[in-house]
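Heavy-atom basis, side chains included; hydrogens, waters and symmetry copies ignored. Per chain, numbering begins at 1; letters A, B, ... match sequence-line order. Since the model is a prediction, treat every value here as computed from it, not as a measurement.
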Protein chains: 2
Amino acid sequence: MRWQPDAVGRLQASALELFAERGYDATTVADIAGRAGLTRRTFFRHFTDKREVLFVGSEQLLQAFLAAMEAADLDAPPLDTVIVGVEALADIFGPERHQFARTRAAIISSCPELHERELIKLASMSAAAAETLRTRRVPGPVATLAADTGVNVFHATFTRWIAQDDPAAFRRILHEVLRTLSSLIAHHRSDTDTAALT
Amino acid sequence: MRWQPDAVGRLQASALELFAERGYDATTVADIAGRAGLTRRTFFRHFTDKREVLFVGSEQLLQAFLAAMEAADLDAPPLDTVIVGVEALADIFGPERHQFARTRAAIISSCPELHERELIKLASMSAAAAETLRTRRVPGPVATLAADTGVNVFHATFTRWIAQDDPAAFRRILHEVLRTLSSLIAHHRSDTDTAALT
DNA sequence: GTCTATAGTGCGATAGAC
DNA sequence: GTCTATCGCACTATAGAC
């Protein structure tokens, strides 16, 4: 019974099932470990806390995102560099992940504690992207704004992706979001600004 | 000794001083209450927890933001409506608030616990803005994107405002940020998109 | 593991404003 | 007297020191 492979994966799967069945709060770490054929102690050897079992994937996500940004054309405008990173995530959020992502999102939105953790992950994604841009000699404030904008685009894309039914639509939705953003800015009349400047 | 006016204000001032002097973790609620001439118990009558003493202002901020959005031209494009809300915050972040905002920001960035709380406040600001836009018949996904973008602009503006030395520069910086954002989007070449579409 | 310090809560008592 | 902000005490929970 011991030393079955992929303890982390089994714990994640068990946690997702139990959270979906009974809710996050009503599930104990012992329940999760039990279903995975492991002990409470082993759970905490792999995850720092109960929440973290839902967020391990975001580490590899961040790596893929940053790697793609690093590989982007050095002459690319800042926002393009970030979007190249988001594009790379389309490979991670493929059709096979759609159902998983939906279930996970439903759990997260049901619990403020988890929602907070997600905000933190998005913020660190943005901070890392800004840092990468700064390495490319993009001025700090511009880097921050471009990074935040890119992460917004990612978040909007992800949200729409799980809200609709085509599991393969991530990349298409990403471009829809980019078009929406462009038109939002394009329709923004700067006479709102100039009026306020006088 | 009892019944001195403005208990909340005194508690906020004491907290800010002590956090700046000794750090957030090294300050106990009893210390704060003591300096304000009150007791620990009274502190918790006014604030749900220790962090909240640094965030009460954000409630009135949210109200001013939403009120300005409500008052905006009904025909205005979505992003303009949100920016009208941000413009209104220039009145709150006037010169007299500059030093306070700087001190507060330094404290918040020194403690992850506080940083989280700030992320949550920004997220609820975005959610409220999106809700207001939806009331104006802006489609949900567009509303979310416009709201997030506006809150980003606010955050970038605020960050630059406290990083520089002119206490009256909030509105000017806001327009700088808007120009930066426009140019970021303008320089974004959509052949990145079309290439990925093929 | 124990021990300590602190966050945070419930409830009843008290001091002052009216 | 009423009303309410403040207070005092006893409690639980938890994080860290040892």
When the distance from [atom1] of [X] to [atom2] of [N] is rounded to whole Å, what number comes out?
X	N	atom1	atom2	result
Arg40(B)	dC9(D)	CZ	P	13 Å
Phe44(B)	dC11(C)	CZ	C1'	17 Å
Phe47(B)	dA7(C)	CZ	P	14 Å
Glu113(B)	dA15(D)	CD	P	11 Å
Asp6(B)	dT4(D)	CG	C1'	17 Å
Leu114(B)	dA7(C)	CG	P	13 Å
Asp49(B)	dA13(D)	CG	P	19 Å
Leu38(B)	dT4(D)	CG	P	19 Å

Quiz item: Side chains of Thr42(B) and Thr39(B): donor-acceptor distance under 3.5 Å anywhere?
Solution: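 Yes, a side-chain donor-acceptor pair sits under 3.5 Å.
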
Looking at [N], I'd like to know if its phosphate oxygens (OP1 or OP2) sit under 4.0 Å from a side-chain N or O belonging to [X].
X	N	answer
Arg41(B)	dC11(D)	no
His46(B)	dA5(D)	no
Thr42(B)	dT6(D)	no

Practice problem: Considering non-hydrogen atoms only, spot the tightest contact between Ala130(B) and Ala143(B) and give its length. | Solution: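 Shortest heavy-atom separation between Ala130(B) and Ala143(B) comes out as O-CB, 3.7 Å.
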
Practice problem: Would you indicate what Ala30(B) reaches in the nucleic acid, counting non-hydrogen atoms under 4.0 angstrom: base, sugar-phosphate, or nothing? | Solution: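 Result for Ala30(B) = nothing.
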
I want to check something: taking the side chain as every heavy atom from C-beta on, are [X] and [Y] in contact at a cut-off of under 4.5 Å?
X	Y	answer
Leu181(B)	Thr149(B)	yes
Ile173(B)	Gln164(B)	yes
Arg22(B)	Asp31(B)	yes

Exercise. Looking only at side-chain atoms of Arg45(B), point me to the closest of dA5(D), dA7(C), dC7(D).
Key: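 So the nucleotide nearest the side chain must be dA5(D).
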
Quiz prompt | Among dT6(D), dG8(C), dT6(C), the nucleotide that comes nearest once only the side chain of Ala7(B) is considered | solution =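 Of the options given, the side chain of Ala7(B) lies nearest dT6(D).
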
